[in-house]
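Please read the structure below before turning to the comments.
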Amino acid sequence: MTKKYITTAIPYMNGNPHIGHAMDYCLADVCARYLALLGNEVKLQAGTDEHGSKIAQKADELDVEVQDYVDEKAEIFRDFIAKLGVSYTDYVRTTNEWHERRVQDIWRKLKKHIYLAKYEGWYCTGCERFITDKEYEENEGICPDHLKPYEKLEEENYYLRLSDFKDKLKKAIETDEMLILPGFRKKEILKLLEESPDVSISRPVTQLKWGIPVPDDPSQVMYVWVDALSNYITVLGYPEEDISAWWPATAQFVGKDILRFHAIIWPAMLMGMGLPLPKTLVSHGMVLADGQKMSKSIGNVVDPNEVIDKYGIDAFRYFFLRHIDTFADSDFTWKKFEDAYNNELANDLGNLVQRLATMVSKNNVKIEELNGASEFSSEYKELMDKYEFAKAFDYVWEKVQGVNKKIDERKPWQLAKNGEKGVLEDCLKELVNDLLNANYMLMPFLPSASSKIAEVFDGEVKPPETPLFPKS
RNA sequence: CGCGGGGUAGAGCAGUCUGGUAGCUCGUUUGGCUCAUAACCAAAAGGUCGUUGGUUCAAAUCCAACCCCCGCAACCA
């Protein structure tokens, strides 16, 4: 049995779960379930990113202890992950004692690639952050949020010497030793890598208290990305435990907006520790609301909980895995969602199960000895192996629709009328076989619906009492 | 000239690498069927493939220029 390790991006705790987090989980979960069905032993990691000034700030606003704030949020996220049906095996909170300890060990291992240097730039005391030169020019030296002039500030930071790894990393990306999907993102990253300076990986404790202290220097706290990225291996027990059975990860799923951290800083850290790079980084697109980025200020945020509560988890996974492009940005609108639910899930699949089960049970046909109902076709595998989940899902759907076509061609109801019992039985068996065959390939995508369907045709066939996907 | 993605039927997209009668899904219209969640199946209508020019027997596809939309530019999945 081969071991495979799949990771999800750990969400930052300054808000509630949104559609984008759901997207990441759904993709990683499909991948994990697919690999497990192929007979691999699979680990799927999930967790929460709980350090950083923004979180501390948020807790301050709410006038609660930071730890209490993250504890509460972490609980909300954990419930959300469960609600999505994510089959995770390993869970990490970056405030776990063991995570913090291991990150400090990681820092020590990276020491020969770390140096201390001064950073000078424009700073807003209101925002408590440095701003880029470009931003400075655009705002003509005055912070638009605080109406205060930016100040020149100097501070000491630790830096990770990216230049130690650049050439090696460039080669790893170019040769797909670390495969970045989709291809256009790979190009983007290669370009970005050329221009990347050394990475600042700490902040003075005066500026950032809520974080992991730098070992042997109480005046500095680690930059959150060093802390957050490490989760992928601390959760496996690194460095105390030998993680070579699971690491390198088979695939790491990330949003396109955080790909750069995963494709540049993270590999540099891994190289610094002498660990291999992940085999694949899958960068998915953003879910837009009517062509616009979802944002609280525009007020177009769609709450995933609302969708799930109304239509169920299978419907949610169905839409986001099939109609939201795996790699590119795509739109969510309630109209699109409802159309897909009614036309495809209810009419194509739900109704198919109903009509076929009714025919089988009415005619007392025994369903046994099905062939091939627990295999993936080569076309399907090819798409899944390329992480083209939406396309693989399309392929499965063609199979589902094919069963509806075949029913109309064969007209089993006529065979029943004509009393052709033998032909009818063979025909229904073939149709059920076709359906279950497609259903098996549906399992990674719609785990709960597909197991219900398998149950319907297992042993005594009875049409489900309540439709699988009731129409709204 | 910062980097990247995109502009193809009312909507959403494939096709562009490897030039050869323009395709899929939804929607619309019509027909068929009656096992089924008024579900299913079939057919039809609907496009100057962003603009202009070039290469070619032939361009959505190759080349050049331009127009428009969208992301990214250090902590937003």
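Residue numbers start from 1 in every chain, and the chains themselves are labelled A, B, ... in the order their sequence lines are given, proteins ahead of strands.
In this entry the distance linking CD1 of I258(A) with P of rA77(B) reads 7 Å, nearest Å. For the pair N347(A) CG and rA38(B) C1', the interatomic distance rounds to 10 Å; values are reported in whole Å. Taking atom CG of residue L259(A) and atom C1' of nucleotide rA73(B), one finds them 14 Å apart after rounding to whole Å. Rounded to whole Å, atom P of rA77(B) lies 14 Å from atom CD1 of I19(A). The distance from atom NZ of K405(A) to atom C1' of rC41(B) is 8 Å, rounded to the nearest whole Å.
Looking at heavy-atom distances under 4.0 Å, V287(A) makes contact with a base. If you check every strand for non-hydrogen atoms under 4.0 Å, M359(A) touches a base. If you check every strand for non-hydrogen atoms under 4.0 Å, P11(A) touches nothing. Across all strands shown, H323(A) has no heavy atoms under 4.0 Å from either base or sugar-phosphate atoms. Nucleic acid contact for P182(A): none, since no nucleic acid atom lies under 4.0 Å from a heavy atom of the residue. Residue L468(A) is in base contact, counting any heavy-atom pair closer than 4.0 Å across all strands shown. In this structure, A346(A) reaches the bases: a heavy-atom distance under 4.0 Å links it to at least one base atom across the strands shown. Looking at heavy-atom distances under 4.0 Å, G285(A) makes contact with a base. Among the atoms of the strands shown, none is found under 4.0 Å from any heavy atom of Y25(A). If you check every strand for non-hydrogen atoms under 4.0 Å, F469(A) touches a base. Using a 4.0 Å heavy-atom distance criterion, R322(A) is classed as making no nucleic acid contact. Residue contacts for D257(A): at a heavy-atom cut-off of 4.0 Å it reaches a base atom on one of the strands shown. G20(A) comes within 4.0 angstrom of a base, heavy atoms only.
Nearer the 5' end of RNA chain B, as judged by each residue's closest nucleotide, is the contact made by K417(A), out of K417(A) and L345(A). Taking for each of W413(A) and R203(A) the nucleotide of RNA chain B with the nearest heavy atom, the 5'-most of the two is the partner of W413(A).
Among the candidates E50(A), H99(A), R102(A), the single residue satisfying the side chain to side chain contact (heavy atoms under 4.5 Å, CB included) test with V92(A) is H99(A). The salt bridge (Lys or Arg N to Asp or Glu O under 4.0 Å) test with D434(A) is passed by exactly one of R410(A), K406(A), K429(A): K406(A).
Under 4.0 angstrom from either OP1 or OP2 of rA38(B) there lies no side-chain N or O belonging to K471(A). One finds a side-chain N or O of K54(A) lying less than 4.0 angstrom from the OP1 or OP2 phosphate oxygen of rC76(B).
Taking every side-chain heavy atom of Q354(A) into account, rU37(B) is the closest of rA77(B), rU37(B), rC40(B). Checking rC76(B), rC40(B), rU37(B) against every side-chain atom of D408(A), the shortest atom distance belongs to rC40(B). The side chain of T358(A) has rC35(B) as its nearest neighbour among rC35(B), rC40(B), rA74(B).
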*Footprint string (nucleotides 1-16 of chain B, 5' to 3'): B base within contact, S backbone only, - free, heavy atoms under 4.0 Å*: ---SS------S----
Distances for protein N/O vs nucleotides 26-28 of chain B N/O pairs under 3.5 angstrom?
unit_1  : atom_1 : unit_2  : atom_2 : d
rC26(B) : O3'    : N343(A) : ND2    : 3.2

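When the P atom is compared between rG23(B) and rC33(B), the two are found 29 Å apart, to the nearest whole Å. For the P atom pair drawn from rG50(B) and rA59(B), the interatomic distance equals 15 Å after rounding to whole Å. Across rG4(B) and rU51(B), the matching C1' atoms stand 23 Å from one another, rounded to whole Å.
Atoms OH and CD1, from Y91(A) and I81(A) in turn, are 4.0 Å apart once rounded to the nearest 0.5 Å. We find the CG-OG distance between L356(A) and S361(A) to be 10.5 Å, quoted to the nearest 0.5 Å.
The shortest side-chain heavy-atom distance between P278(A) and L270(A) falls under the 4.5 Å cut-off.
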